[in-house]
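One structure is given below, encoded as structure tokens.
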Amino acid sequence: MELKYRALEGMHDVLPEQSHLWQYVESRWREHCRRYGYREIRTPILETAELFERSVGETSDIVSKEMYVFQRGEERYAMKPEGTAPVVRAYLEHGLYGAGGVHKLYYITPFFRGERPQRGRYRQAHQFGAEIIGAAHPLADAELLAMVMDFFLTLGLTPDTLELRLNTIGCPECRPAYREAVRNFGRENYTQLCKNCQARLERNPLRILDCKECADITHSAPPIDPYLCDACRTHFENLQNLLKTLEVTYVRDVRLVRGLDYYTRTTFEVIAEQGLGAQNALCGGGRYDGLVAELGGPPTPALGVGIGVERTLLTLQAMQAPLPEPRPIDAYVVAFGEAARPVALKLAQQLRAAQLAAELDLEARSPKAQMRLANRTGARYAILIGDAELQQQTATIKDLQTHEQTVLSQAELSEWIKNRL
RNA sequence: GGGAUCGUAGCUCAGUCGGUCAGAGCGCCUGACUGUGGCUCAGGAGGUCGUGGGUUCGAGUCCCAUCGGUCCCCCCA
């Protein structure tokens, strides 16, 4: 069959055979966030393009070449390419800062980036996000990191298959000096850098640190540590001590710079050892102490994380982590003969009203075909309605595992089944 | 943006040097069992071999183009 329409490149349907797994990880994420004191926030898919240009950064790959932007009238819109900026926008728009204190917000959202798709990377992907707004202390960083690792472990991933990579990239006070140092380093080795990095040197020199192509050269680039201001150094040391206390293991990755401009101080990623192919970052995040002010709010420290839903699922499957089976229905109502069909439908409704999952044939098929369907749905019981049952207002219940049959009145059907499930 | 690779029934695939090559398994439908599933057996439906050109007496098989999938670089979730 020739397909006239198909899903766009990099966009995928989630079919029933997979959707129960999505529901599973989503519900685990919600429960996990609840335990850590987060509340859900939902923001629109579309925002003004400027929001992301201001926050993620004009020179970032995301904004400069991956964002879906379109114009309608005077306004330029963007489909959200990440989750943090909209949350901060909403935080400001609704004056949440006025309520004081720390706001912990979580979300589940699609996001859009016009990249060439590959394993674990799609044009529409989904993200579990968590943001802590209003907390400057490294306690917040430590809790966030512990929460993220805790999430992966409770899903059944093991510590030896995950790697938490941690870095600090300083703040507006100390980073400029470091940026200059990296830029100078780049200039000294200019001819050995790839074209991309030669261009980055002027716009965003830190990005040369996470270029794989230039890894051999940038390996000997100056580390940030001597450049950190006292506050940043203390913050980072404090965080590392807290992680030790919590027994959260991590590796320092001095090259972890990240591609979004709003990050300050703490940056991190969690890498999966297997299952993802080349795109092996399960999640990424960090602190963005300047973002709230950048978007027009009061100076407010904040931090957050984005976890790739597709990547999480791919990893769980690759690692053979325990995953739930789809829930079968409880009963399949089978009608023998035309006269029984309306009664079968009515009985199915009766079962559903009793919170049971019931199905019946909607094509008026033969008894044999109905039994086949009953078997295929995985129903525990088949409810058989024929002439005899019609006469006596009864139903024959067949246990499809044991083949046992029981006859009882239609009125007590639901109770009987509920008592046995 | 650059590159690799693949494209035969709903699904997974076989098709050897171009000449019954339009196939298998699974799935689906029907029947054996006219009020009873899973197992077995017997039938059946379903494909212009991604599309368009070309070479040839003849192409799923060779060549070119094109469209689509997957994966990789880049970058990121």
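Only this structure's heavy atoms are used, side chains among them; waters, hydrogens and symmetry mates stay out.
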Q.
Contact list please: residues 80-87 of chain A against RNA chain B, heavy atoms, distance less than 4.0 Å, in numerical order.
A. none

Q: Sticking with atom P, work out how far B:C33 lies from B:A9, rounded to a whole angstrom.
A: 37 Å

(Q) One character per nucleotide, please: for nucleotides 69-75 of chain B, 5' to 3', B when the base has a protein heavy atom closer than 4.0 Å, S when only the sugar-phosphate does, - otherwise. (A) SSBBBBB

Q | Pairwise P distance for B:C67 and B:G25, with rounding to whole Å | A | 38 Å

Q: Could you state the atom-to-atom distance from CZ of A:Arg165 to C1' of B:C76 in whole Å?
A: 13 Å

Q) Is the backbone N or O of A:Gly306 less than 3.5 Å from a side-chain atom of A:Glu82, with the two atoms forming a donor-acceptor pair by type? A) no

Q.
Quick check: on RNA chain B, is the nucleotide nearest A:Ile385 upstream (toward 5') of the one nearest A:Cys283, or the reverse? Name the residue that is more 5'.
A. A:Ile385

Q: State whether A:Lys368 places a side-chain N or O below 4.0 Å from either non-bridging phosphate oxygen (OP1 or OP2) of B:G31.
A: no

Q) Which part of the nucleic acid does A:Glu17 contact within heavy-atom distance under 4.0 Å: base, sugar-phosphate only, or nothing? A) nothing

Q: Look at A:Glu66 together with A:Arg116 and state whether they make a salt bridge at an N to O cut-off of under 4.0 Å.
A: no

Q) Are any of the side-chain nitrogens in A:Arg365 or A:Glu363 under 4.0 Å away from the carboxylate oxygens of its partner? A) yes

(Q) Tell me which one of A:Phe52, A:Tyr68, A:Phe70 satisfies ring-ring contact (aromatic ring centres under 6.0 Å, His included) with A:Tyr77. (A) A:Phe70

Q. Between the side-chain atoms of A:Glu389 and the base atoms of B:G35, is any donor-acceptor pair under 3.5 Å?
A. yes

Q: For A:Phe128, report the nucleic acid contact type (base, sugar-phosphate, nothing); a contact means any heavy atom under 4.0 Å.
A: nothing

Would you list the atom pairs, donor with acceptor, under 3.5 Å between side chains in residues 389-396 of chain A and any protein atom, with sequence neighbours excluded?
unit_1	atom_1	unit_2	atom_2	d
A:Glu389	OE1	A:Gly386	N	2.9
A:Glu389	OE2	A:Thr396	OG1	2.5

Q. Side chains of A:Gln240 and A:Tyr250: is there a donor and an acceptor less than 3.5 Å apart?
A. yes

**Q.** Euclidean distance, A:Arg89 CZ relative to A:Ser55 OG, rounded to 0.5 Å
**A.** 11.5 Å

Q. To the nearest Å, how far apart are A:Leu206 CG and B:C76 P?
A. 12 Å

**Q.** Protein-nucleotide distance (A:Asp399, atom CG; B:U36, atom P), rounded to Å
**A.** 19 Å

**Q.** Span that lies between the C1' atom of B:A65 and that of B:C29, in whole angstrom
**A.** 41 Å

Q. Which is true for A:Ala382 with a 4.0 Å heavy-atom rule: it touches a base, it touches only sugar-phosphate, or it touches nothing?
A. nothing

Q. Of all the base pairs, Watson-Crick or G-U under 3.5 Å, which form stems of three or more consecutive pairs involving RNA chain B?
A. B:1-7 with B:67-73, B:10-13 with B:23-26, B:28-32 with B:40-44, B:50-54 with B:62-66

Q.
Please report the distance separating the C1' of B:G10 from the corresponding atom of B:G27, rounded so that it comes out in whole Å.
A. 8 Å

Q. A:Met371 has an atom CE; how far is it from atom P of B:C39, in whole Å?
A. 14 Å

Q) B:G60 and B:C17: how far apart are their C1' atoms, nearest whole angstrom? A) 16 Å

Q. Which part of the nucleic acid, if any, lies within contact of A:Ala125, taking any heavy atom under 4.0 Å across all strands shown: a base, the sugar-phosphate backbone alone, or nothing?
A. base

Q. So, A:Asp361 and A:Arg341, do they make that salt bridge, N to O below 4.0 Å?
A. yes

Q: Give me the one residue out of A:Phe128, A:Tyr38, A:Tyr106, A:Phe151 that meets ring-ring contact (aromatic ring centres under 6.0 Å, His included) with A:His32.
A: A:Phe151

Q: Mind calculating the distance between CD (A:Glu338) and P (B:G35) to the nearest angstrom?
A: 12 Å

Q) If the P atom of B:U12 is compared with that of B:G7, how far apart are they to the nearest Å? A) 12 Å

Q.
Looking at A:Glu75 and A:Arg72, is any side-chain nitrogen of the basic one under 4.0 Å from a carboxylate oxygen of the acidic one?
A. no

Q) CG of A:Leu260 versus P of B:C76: gap in Å, rounded? A) 8 Å

Q. Rounded to whole angstrom units, what separation is found between the NZ atom of A:Lys195 and the P atom of B:G2?
A. 14 Å

Q. Atom CG in A:Leu313, atom CG in A:Leu155: separation rounded to 0.5 Å?
A. 9.0 Å

Q) Using the P atom in both, what is the distance from B:G1 to B:G58, to the nearest Å? A) 41 Å

Q.
So, applying side chain to side chain donor-acceptor pair (under 3.5 Å) with A:Thr109, which one of A:Gln127, A:Lys80, A:His126, A:Arg42 is it?
A. A:Lys80

Q | Residue whose closest nucleotide on RNA chain B lies nearer the 5' end, A:Val270 versus A:Lys398 | A | A:Lys398

Q. Side-chain donor or acceptor of A:Gln405 under 3.5 Å from a matching atom on the base of B:U36?
A. yes

Q. Which residues pass the ring-ring contact (aromatic ring centres under 6.0 Å, His included) test with A:Phe112, sequence neighbours left out?
A. none

Q | salt_bridge(A:Glu415, A:Lys418) N-O dist < 4.0 Å | A | no

Q. Under the criterion salt bridge (Lys or Arg N to Asp or Glu O under 4.0 Å), which of A:Glu143, A:Glu131, A:Glu40 is the partner of A:Lys104?
A. A:Glu143

Below 3.5 Å between N/O atoms, which protein atoms pair up with nucleotides 26-30 of chain B? Just atom names and distances, please.
unit_1	atom_1	unit_2	atom_2	d
B:C28	OP1	A:Arg376	NE	3.0
B:C29	OP1	A:Arg365	NH1	3.3
B:C29	OP1	A:Arg365	NH2	3.3
B:C29	OP1	A:Arg376	NH2	3.4
B:C29	OP2	A:Arg376	NH2	3.4
B:C29	O3'	A:Arg365	NH2	3.3
B:U30	OP1	A:Arg365	NH2	3.4
B:U30	OP2	A:Arg365	NH2	3.4
B:U30	OP2	A:Arg372	NH2	2.3

Q. When A:Glu359 is tested against each of A:Thr377, A:Val333, A:Leu351 for side-chain contact (heavy atoms from CB on, under 4.5 Å), which residue passes?
A. A:Thr377

Q. How many Å lie between CG on A:Leu384 and P on B:G37, as a whole number?
A. 11 Å

Q.
Please report the distance separating the P of B:G37 from the corresponding atom of B:U48, rounded so that it comes out in whole Å.
A. 35 Å

